Protein chains: 2
Amino acid sequence: MASKDRIQRLKEETRINILDASLQIVKEEGWQALSMRKIADVIEYTAPIIYEYFSNKEAILLELTRKGFLILARDMKAAKEKHRLPVKQLEAMWLAYWNFAFAEKELYQVMFGVDVNCCELCEIMPEAEVPSAMVSEVILALMAPNKPTGDEVCVKYYTFWSVIHGLISINMVRRTTSDEITHEVLKTAISGIIRSIKA
Amino acid sequence: MASKDRIQRLKEETRINILDASLQIVKEEGWQALSMRKIADVIEYTAPIIYEYFSNKEAILLELTRKGFLILARDMKAAKEKHRLPVKQLEAMWLAYWNFAFAEKELYQVMFGVDVNCCELCEIMPEAEVPSAMVSEVILALMAPNKPTGDEVCVKYYTFWSVIHGLISINMVRRTTSDEITHEVLKTAISGIIRSIKA
DNA sequence: TACATTTGCTTAACACTGTTAAATGATTTA
DNA sequence: TAAATCATTTAACAGTGTTAAGCAAATGTA
């Protein structure tokens, strides 16, 4: 019976509706304001039916986290493919990371930090490893002449991530710093780390 | 009447008790678990009396934030005074910052990030500016020969803060990275930025 | 001392939150 | 047509921050 398929499709649709509604609420009112009943209001159901699609609120946030990592990975991949030199690739990828963080501010917040998304994230969500793997690959290519160990690549990766994530965090909670200064920090930081990688 | 004074002292004591109880709960069960009724339980009162000491829950968190900044400022000051060369002072101060973040993990979390402690923090809490002012001062001393503008000092300060705050954030949500790698990142990052300052 | 007033604190309540179980009503199956 | 399944809602529980009302003891006043 084809009606089974139709119902299946409808189910998938409301699943997506739940995620869309959640993101919409968060964009309008912030993470604090997200509640099951509000989501239900937007999708024009009552709260309990949400539990037929997600086991709990956390699962919704987790799904949005996954969505975020997929977009981030796509953006960084596109940025990488625009260049051939590893140096340029690295630059472009981190700029894409930066742009993603502010273009999808709400997703970035749930991906890193809103609440301590506790530790085992990479284990339960392989998508979360894609961006870091992609960057590490380029770093490795750049360091190849030096025959670096895995740990050495890791150090460089974390240095990159730290400075950029730190800069993003600071800019998200403090809107006080001027954009020029921020961009100056971003540019000098990236090129500084790249210099240290090549050395 | 001296009894007035005694009562005043008792009042101050329970105020401190509230803050201590809050921090204790947070240390044992995390920020999510902190509730007014739990605080009341610990101080052996009922929830409503807390509102005679703090206008709301947010105010308690804000007071803990202030406490955090005071400790941080003290630690960084002590670290600075252990050295005379600006380079060594900078190193020591950021190391003190790092150590504070993990020694007072819960305070650090409420100071930066747990929930978006929104923007106007420096305006309503002058203490929050002390550490940054202290560091900027040393950066300025270090750059003095170059006659830097305020913005140039600011760029260096934010670069420092970003990489270290980023590194801390990452280490708080991901306990996966090894301590050796983390410390390697920390050391190379600090000395790298200092090099870029002197250049 | 007797009454009035203030103080310290608690109980009760409101409007929320996430979540689960029971009830309802429509749709499909036999 | 009767039975069974499904989708959905209502009701409820335990928890949250917060406020208002009440009570009982301490204090001030006559």
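Quick note on labels: first sequence line is chain A, next is B, and so on, each numbered from 1. Please read all numbers here as calculations on a predicted model, not as lab measurements.
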Rounded to whole Å, the CG-P distance (A:Leu34 to C:dT17) equals 10 Å
Would you kindly give the CE-to-C1' distance between A:Met36 and D:dT9, to the nearest whole Å?
16 Å
Quickly work out the B:Glu44 CD to C:dC9 P distance and round it to whole Å.
12 Å
Atom CD1 of A:Ile50 and atom C1' of D:dT9: how far apart are they, to the nearest Å?
13 Å
Without decimals, in angstroms, what is the distance between A:Glu13 CD and D:dA7 P?
15 Å
Is A:Lys67 salt-bridged to A:Glu63, cutoff N-O under 4.0 Å?
no
For A:Tyr45, which contact category applies under a 4.0 Å heavy-atom criterion: base, sugar-phosphate, or nothing?
sugar-phosphate
How is B:Ile39 classified with respect to the nucleic acid when contacts are heavy atoms under 4.0 Å: base, sugar-phosphate, or nothing?
nothing
Please tell me which of A:Tyr53 and B:Asn56 maps to the more 5' nucleotide of DNA chain D, matching each residue to the nucleotide holding its nearest heavy atom.
A:Tyr53
Rounded to whole Å, CZ of A:Phe54 lies from C1' of C:dT19 at a distance of 16 Å
Which nucleotide in the set D:dT9, C:dG18, D:dT16 lies at the smallest distance from any side-chain heavy atom of B:Ser35?
D:dT16
Interatomic distance, A:Gln32 CD vs D:dT16 C1' [rounded to whole Å]:
12 Å
I'd like to know if A:Arg15 pairs up with A:Glu12 as an ion pair, taking the criterion as any Lys NZ or Arg NE/NH1/NH2 lying under 4.0 Å from an Asp or Glu carboxylate oxygen.
no
Determine, using the 4.5 Å side-chain heavy-atom cutoff (strictly less than), whether B:Ile16 and B:Leu107 are members of one ILVMFWY cluster.
no
Contacts of B:Ile49 and B:Arg37 projected onto DNA chain C by closest heavy atom; the upstream (5') one is B:Ile49
Kindly point out which of C:dT20, D:dT18, C:dT11 is positioned nearest to the side chain of A:Tyr51?
C:dT20
Is the shortest side-chain N/O distance from B:Thr46 to OP1 or OP2 of C:dC9 below 4.0 Å?
no
Between B:Lys27 and B:Glu104, is any pair of side-chain heavy atoms under 4.5 Å apart?
yes
Using a 4.0 Å heavy-atom cut-off across all strands, classify B:Ile60 as base, sugar-phosphate, or nothing.
nothing
In whole angstrom, give the distance that lies between atom CG of B:Asp41 and atom P of D:dG15.
12 Å
Are B:Tyr97 and B:Tyr108 near enough that their ring centres are under 6.0 Å apart?
yes
